[in-house]
Student: 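Mind looking over this structure? Questions follow.
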Amino acid sequence: MTKRLAEVAKKAGVSEATVSRVLNGRNGVSEATRASVLTALDVLGYERPTKLRGERGRLVGLVLPELQNPIFPALAEVVTASLAQRGFTPLLAARTIGGVPERDYIEMLLDHQVSGVVFAGGSYALADAEHGHYRALTDRRMPVVMVNAGVADLGFPHISTDDAVAVEQAYGHLRSLGHERIGMVMGPEDHVPSRRKLAALEGKDYLVERTSFSMESARLAAGKLIERGVTGMICASDVLALGSIRAARRLGLDVPADVSVVGFDDSALMTCTDPPLTTVRQPIEMMGQAAVDLLVNQIEGSGVEPDELLFEPELVVRGSTAPAPQRG
């Protein structure tokens, strides 16, 4: 008990006596200090006293689908900084292939008495995935914000890039360069953002290959498109675009002289790739801040409709696109 008091006191920056008063429910402690002690208790993994378990601390969960795609650490940086400015402590939960499932992360966050959760990609983005585990959040009336497009019937607000505008920008760019045979390297068939991108191109000519969001799977998908004669490719992420460039090179082709490639995200270091990647930029900073604003409004009791807030993307033209090759 003495060790626990000392650790919590050090973490919260208060005396052990203050920690004791908070844990025993005594008066004489400000709300800010009390919240700081409870947050320290949660972060250190100590169980709250029974009488305090019904109270949420100032912890907020941030659930990411992965960390290999640089766009997710970039979003995490914005969200965590914005939460800290508002007096909240983020708990990061990053999923990995074969690792802890999203359902278990939700249970862990609820056990830590979080005040709310921000999701950045997850099962909600896959129409055919299991969504029942989100019900625990609804039952607790937990403030939640989901980043990027997903299924519409979960009852949570969404912050998304306008996928239709993004793909129209990329497609229009390739067409302006003379590309007539355009391929789409998209996510799985039930991936909602990919569905939206393809729906925006209804009536236009394109070929499509589906893939998981890894560079190696993108290389295989892009290789099939190149063998079908495409001269320009639009990819559902920068990672998929880099895999597509690798596919072209393995087939002895030059990017962009033989094949043009457009990514999506404008994640870190895309100016440093060879060639620098033409991509559609997601406004991550604005989206991250908006997600935190929506979440904090819910935590503070303001009414927030379960609507979707769409952000305008921006085409960034670099060296991976060029005029279509002239066929002799």
Side-chain angles (χ1 to χ4, degrees), residues 71 125-128 148-152 158 160-213 217-245 247-248 251 253-267 270 275 277-283 308 310-327:
I71 201 66
L126 300 172
D128 297 337
N148 286 330
V151 294
H158 284 254
S160 306
T161 298
D162 193 324
D163 288 297
V165 172
V167 77
E168 287 165 359
Q169 290 177 348
Y171 190 88
H173 173 60
L174 290 179
R175 292 289 294 180
S176 73
L177 292 171
H179 293 275
E180 296 181 355
R181 199 160 176 83
I182 296 172
M184 311 289 293
V185 182
M186 294 287 112
E189 191 169 349
D190 68 332
H191 183 242
V192 176
S194 294
R195 281 185 175 182
R196 289 187 176 187
K197 289 180 174 71
L198 295 177
L201 296 180
E202 186 177 358
K204 294 182 169 62
D205 291 329
Y206 65 86
L207 301 172
V208 63
E209 286 289 339
R210 306 279 189 172
T211 180
S212 62
F213 283 89
S217 62
R219 184 184 67 79
L220 296 173
K224 294 177 182 177
L225 288 172
I226 292 170
E227 289 172 355
R228 295 168 70 185
V230 305
T231 63
M233 288 186 285
I234 299 170
C235 304
S237 76
D238 290 343
V239 171
L240 298 189
L242 295 179
S244 298
I245 291 173
L251 291 170
L253 301 176
D254 181 80
V255 176
D258 298 312
V259 179
S260 289
V261 177
V262 182
F264 179 77
D265 285 337
D266 195 27
S267 48
M270 291 306 107
L277 186 67
T278 295
T279 186
V280 180
R281 176 182 295 158
Q282 293 200 71
E308 182 175 26
L310 290 177
F311 281 77
E312 191 86 2
E314 177 188 359
L315 178 69
V316 182
V317 178
R318 299 193 181 104
S320 66
T321 51
Q326 297 299 314
R327 301 301 186 189

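Predicted, not measured: the structure shown is a model, and the values here were computed from it.
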Student: Would you say the side chain of V261 lies within less than 4.5 Å of the side chain of P256, judging by non-hydrogen atoms?
Tutor: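 When only atoms from C-beta onward are counted, V261 and P256 do not touch, as no gap falls below 4.5 Å.
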Student: Taking D205 first and then R175, would you say they form a salt bridge - that is, a charged N and a carboxylate O separated by under 4.0 Å?
Tutor: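 Salt bridge between D205 and R175, a charged N being under 4.0 Å from a carboxylate O: no.
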Student: Return the minimal non-hydrogen interatomic distance between V151 and L126, and the atom names on each side.
Tutor: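 Minimum heavy-atom contact is CG1-O, 4.2 Å.
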Student: Between S160 (side chain only) and L310 (backbone N and O only), is there a donor and an acceptor less than 3.5 Å apart?
Tutor: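 A pair under 3.5 Å: no.
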Student: For S260 and L174, which heavy atoms make the closest approach, and how far apart are they?
Tutor: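 Nearest heavy atoms, S260 then L174: CB-CD2, 3.9 Å.
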Student: Hey, could you give me the CD/CG distance between E168 and L315, rounded to the nearest 0.5 Å?
Tutor: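 Rounded to the nearest 0.5 Å, the CD-CG separation comes to 12.5 Å.
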Student: Has T211 got a side-chain atom pairing as donor or acceptor with G187's backbone, closer than 3.5 angstrom?
Tutor: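 Answer holds: no.
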Student: Taking only residues two or more places apart in sequence or in another chain, which ones pass side chain to side chain donor-acceptor pair (under 3.5 Å) with R219?
Tutor: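 Only E216 meet the side chain to side chain donor-acceptor pair (under 3.5 Å) criterion with R219.
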Student: List in chain and number order the residues that pass side chain to side chain donor-acceptor pair (under 3.5 Å) with S267, two or more places apart in sequence or in another chain; answer none if no residue qualifies.
Tutor: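 Partners of S267 by the side chain to side chain donor-acceptor pair (under 3.5 Å) criterion, ordered by chain and then number, come out as D238.
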Student: Is any side-chain heavy atom of R210 less than 4.5 Å from a side-chain heavy atom of S194?
Tutor: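 Yes, at least one pair of side-chain atoms sits under 4.5 Å.
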Student: Taking S217 for the side chain and S212 for the main chain, is one N or O donor matched with an acceptor at less than 3.5 Å?
Tutor: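 It does hold such a pair.
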Student: From I71 CD1 over to R281 CZ, what is the distance, rounded to the nearest 0.5 angstrom?
Tutor: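 Result: 10.0 Å between the selected atoms.
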Student: For H158, which residues count as a ring pair (Phe, Tyr, Trp, His ring centres under 6.0 Å) partner, sequence neighbours excluded?
Tutor: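 Residues passing ring pair (Phe, Tyr, Trp, His ring centres under 6.0 Å) with H158: Y124.
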Student: Go through V167 and M184 one step at a time and tell me if the side chain to side chain contact (heavy atoms under 4.5 Å, CB included) criterion holds.
Tutor: CA-CA 10 Å; V167 77; M184 311 289 293; 3.5 Å; yes
Student: In chain order, what residues pass the side chain to side chain contact (heavy atoms under 4.5 Å, CB included) check against N148, with sequence neighbours excluded?
Tutor: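 Here the qualifying residues are Q282, M287.
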Student: Could you work out, with salt bridge (charged side-chain N to carboxylate O under 4.0 Å, His left out) as the rule, every residue matching D163, not counting sequence neighbours?
Tutor: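 Salt bridge (charged side-chain N to carboxylate O under 4.0 Å, His left out) check on D163 returns K197.
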Student: Run the side chain to side chain contact (heavy atoms under 4.5 Å, CB included) test on M270 and L242 for me, step by step, so that the C-alpha distance in whole Å, both residues' side-chain angles and the decisive distance to 0.1 Å come before the verdict.
Tutor: CA-CA 9 Å; M270 291 306 107; L242 295 179; 4.0 Å; yes
Student: Residues in side chain to side chain contact (heavy atoms under 4.5 Å, CB included) with A257, at least two apart?
Tutor: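 Partners of A257 by the side chain to side chain contact (heavy atoms under 4.5 Å, CB included) criterion, ordered by chain and then number, come out as D254.
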Student: Are the side chain of S320 and the backbone of L277 linked by a donor-acceptor contact shorter than 3.5 Å?
Tutor: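 A pair under 3.5 Å: no.
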Student: For E180, give me all partners under salt bridge (charged side-chain N to carboxylate O under 4.0 Å, His left out), at least two apart in sequence or on another chain.
Tutor: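 Checked E180 against salt bridge (charged side-chain N to carboxylate O under 4.0 Å, His left out); zero matches.
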Student: Restricting to salt bridge (charged side-chain N to carboxylate O under 4.0 Å, His left out), what partner residues turn up for R196, sequence neighbours left out?
Tutor: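 Residues passing salt bridge (charged side-chain N to carboxylate O under 4.0 Å, His left out) with R196: E308.
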Student: Nearest 0.5 angstrom please: Y171 OH to I234 CD1, how far?
Tutor: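 With rounding to 0.5 Å, OH (Y171) is 7.5 Å from CD1 (I234).
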Student: Which value, rounded to the nearest 0.5 Å, describes the distance between F264 atom CZ and M186 atom CE?
Tutor: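 So the gap between those two atoms works out to 9.0 Å.
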Student: Ignoring hydrogens and geometry beyond distance, is a side-chain donor-acceptor pair present between T278 and H173 at under 3.5 Å?
Tutor: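 No pair is found: no donor N or O on one side chain lies under 3.5 Å from an acceptor on the other.
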Student: Compare every heavy atom of P313 with every heavy atom of T161, then report the nearest pair and how far apart it is.
Tutor: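 Shortest heavy-atom separation between T161 and P313 comes out as CG2-CB, 3.7 Å.
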Student: Scan for ring pair (Phe, Tyr, Trp, His ring centres under 6.0 Å) pairs involving residues 183-209, sequence neighbours excluded, and state none if there are none.
Tutor: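 Found H191-F213.
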Student: Taking D190 for its side chain and D128 for its backbone only, find out whether a donor-acceptor pair lies under 3.5 Å.
Tutor: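 Such a contact is found between D190 side chain and D128 backbone.
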Student: When the side chains of residues 221-232 are checked against the rest of the protein, which donor-acceptor pairs come out under 3.5 Å, sequence neighbours left out?
Tutor:
from : atom 1 : to   : atom 2 : distance (Å)
R228 : NH1    : E209 : OE2    : 3.2
T231 : OG1    : H179 : ND1    : 2.7

